[in-house]
*Asks:* 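First the structure, which I've put down as structure tokens, then a few questions once you've had a look.
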Amino acid sequence: MPAESLASAPPAAAFDAAAARREFPALAQRVHGHPLVYLDSAATAQKPRAVLEALAGFYREDCANIHRSAHALSERATAGYEAARRQVQQFLGAASEREIVFTRGTTESLNLVAAGYASRLEPGDEVLITGLEHHSNIVPWQLACERSGARLVVAPIDERGEVPLEEFERRLSARTKVVAAAHISNALGTINPIAEFAARAHAVGAVLVVDGAQSAPHLPLDVQALGCDFFAFSGHKNFGPTGIGVLYGRAELLEALPPYQGGGDMIRSVTFEKTTYNDIPYKFEAGTPHIAGAIGLGAALAALTAWDMRAIAAYEHELTAYGLELLGGLRGVRLIGTARRRAGVFSFVVEGVHPHDVGTVLDSRGIAVRAGHHCAQPVMERFGLPATTRASLALYNTRADLDALAEGIGRVQAMFRS
Ligand code: 7TS
């Protein structure tokens with residue numbers, strides 16, 4: 001277990017995956033006549049009953065707009081939305097709920113930060129990213145660089161799929177204004193050393209933007225201990241609804257950023273001559289937000305907290321080790337991404353079979369995986385592959401799921417041999 005992923009205290013109790021799994025109704029179904037084996041949580045996670053009930057409960061009883069109307073339902077909706085913000089604050093270890101902005105997801109969170117910096121970067125400035133980023137942590141920075149004249153610099157990955165710290169360090173200088181890096185790679189499973197990145201970025205006066213889409217569902221987080229200036233994650237990968245996400249930003253940095261969108265709720269006063277903006281975080285929440293989504297995300301975080309993120313991380317760490325040994329031992333199967341610090345994401349190629357065919361055959365056996373470039377084309381290019389098949393774990397997976405995957409891969413190989 002990587003040191004940074006664990007708080008100092010050990011989990012109070014071991015994680016009961018079988019009991020947690022029963023909270024996810026979708027996992028009980030059969031697909032193509034087989035029990036569903038869901039191994040695509042890096043794309044999106046299934047939802048526990050508590051989230052489904054929070055969503056239905058909001059629409060059934062509390063449906064109203066927030067921060068405006070003078071009636072009981074609106075007060076309840078506002079209270080639920082703001083309680084969810086406090087839950088996110090605690091989940092991330094943020095200093096204040098003012099530092100928690102609700103967005104549509106990781107993609108929007110990263111675009112919000114990049115658009116803000118686009119107006120502050122200058123020609124000669126540099127933005128440093130890594131070679132394992134998802135497109136949503138590449139393209140917004142390319143746009144920001146195009147608009148500002150700043151330069152995009154990339155710290156490359158090695159054969160294992162790790163970002164060597166000396167490569168990262170070599171590209172940092174007084175010109176670097178922003179460093180943007182994934183906490184965990186969705187294509188390789190690599191866990192980046194965020195605390196080390198933060199220390200080095202801060203030493204040259206740069207801010208560190210962390211794409212936490214793949215870490216928030218799996219690791220106990222403390223954005224202050226990690227040294228993140230910004231941290232983005234998506235509700236839907238965190239067992240919450242789609243269409244809701246989070247941007248954490250240190251208060252003074254959020255205060256200094258310009259608004260992302262204009263509209264209702266983000267203003268203090270509007271005249272045709274001049275508009276003044278609301279305080280953070282409301283300055284970044286123009287228009288009616290995804291109220292039910294925030295409340296649903298709050299329910300997901302409450303469930304995760306009750307299960308204990310440290311216990312979940314310890315459970316997934318063991319399950320990942322089991323999966324690595326199992327898949328690593330299959331003949332004709334090559335794992336892509338062999339970082340020493342890694343999460344439960346297994347990208348692989350089956351010799352002689354296209355990744356999409358692997359995915360299709362596995363699906364016919366009820367096994368859900370993703371095949372493709374995983375919105376990380378530069379990673380595929382680095383390994384000289386058009387695509388991989390990817391199995392990704394979450395807290396509700398078991399060794400039996402991985403056994404089913406290994407058996408399914410065996411069937412794929414048998415079919416394509418004959
Ligand atoms: N960053 C990383 C590391 C991701 O894995 C993803 C989504 C995103 C950002 C974007 O998140 P969104 O919620 O805004 O779409 N990754 C994947 C995936 O691996 N398969 O489907 C989506």
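Counting convention: from 1, in listed order, for ligands and their atoms alike. Values below: every heavy atom of this structure, side chains too, minus hydrogens, waters and symmetry copies.
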*Asks:* How far is atom 4 (C) of ligand 1 from its nearest protein heavy atom, and which residue and atom name does that atom have?
*Replies:* H134 CD2, 3.4 Å

*Asks:* Could you list which atoms of ligand 1 come closer than 4.0 Å to a heavy atom of N186?
*Replies:* 5 (O), 16 (N), 18 (C), 19 (O)

*Asks:* Judged by modelled atom types alone, do D363 and H32 share a side-chain donor-acceptor pair under 3.5 Å?
*Replies:* yes

*Asks:* So, H373 versus H135, ring centres under 6.0 angstrom or not?
*Replies:* yes

*Asks:* Could you tell me whether H236 approaches ligand 1 through its side chain, its backbone, both or neither, with non-hydrogen atoms closer than 4.0 Å?
*Replies:* side chain

*Asks:* Are Y260 and F284 close enough that their ring centers fall under 6.0 Å?
*Replies:* no

*Asks:* Taking 4.0 Å as the limit for heavy-atom contacts, which would you say applies to S136 with ligand 1: side chain only, backbone only, both, or neither?
*Replies:* side chain

*Asks:* Does D211 come within less than 4.0 Å of ligand 1, judged by its heavy atoms?
*Replies:* yes

*Asks:* Which atoms form the tightest heavy-atom contact between A391 and F348, and what is the distance?
*Replies:* N-CE2, 4.3 Å

*Asks:* Tell me, which protein residue and heavy-atom name are nearest atom 15 (O) of ligand 1, and how many Å apart are they?
*Replies:* T107 OG1, 3.7 Å

*Asks:* Compute the minimum heavy-atom distance from A42 to ligand 1 and say whether it is under 4.0 Å.
*Replies:* yes

*Asks:* So, do H67 and Y282 have ring centers that fall under 6.0 Å from each other?
*Replies:* yes

*Asks:* May I ask you to identify the nearest protein heavy atom to atom 16 (N) of ligand 1, giving residue, atom name and distance to one decimal place in Å?
*Replies:* K237 NZ, 2.9 Å

*Asks:* Does any N/O atom on E108 come nearer than 3.5 Å to any N/O atom on ligand 1?
*Replies:* no

*Asks:* Between ligand 1 and R390, is the shortest N or O to N or O distance under 3.5 Å?
*Replies:* yes

*Asks:* Could you tell me if S41 and S392 have a donor-acceptor pair between their side chains, going purely by distance under 3.5 Å?
*Replies:* no

*Asks:* Is a salt bridge present between R160 and D158, judged by a nitrogen-to-oxygen distance below 4.0 Å?
*Replies:* no

*Asks:* Taking the non-hydrogen atoms of E133, is any one of them nearer than 4.0 angstrom to ligand 1?
*Replies:* no

*Asks:* Going by an N to O cut-off under 4.0 Å, is there a salt bridge joining R170 and E166?
*Replies:* no

*Asks:* Does ligand 1 have a heavy atom under 4.0 Å from the side chain of R370, from its backbone, from both, or from neither?
*Replies:* side chain

*Asks:* Any chance the rings of F15 and Y315 have centres within less than 6.0 Å?
*Replies:* yes

*Asks:* Which of the atoms of ligand 1 are close to Q214, meaning less than 4.0 Å from one of its heavy atoms?
*Replies:* 3 (C), 4 (C), 5 (O), 16 (N), 19 (O)

*Asks:* With atom 12 (P) of ligand 1 as the reference point, say which of A213, G105, A187, S234 has the nearest heavy atom.
*Replies:* S234

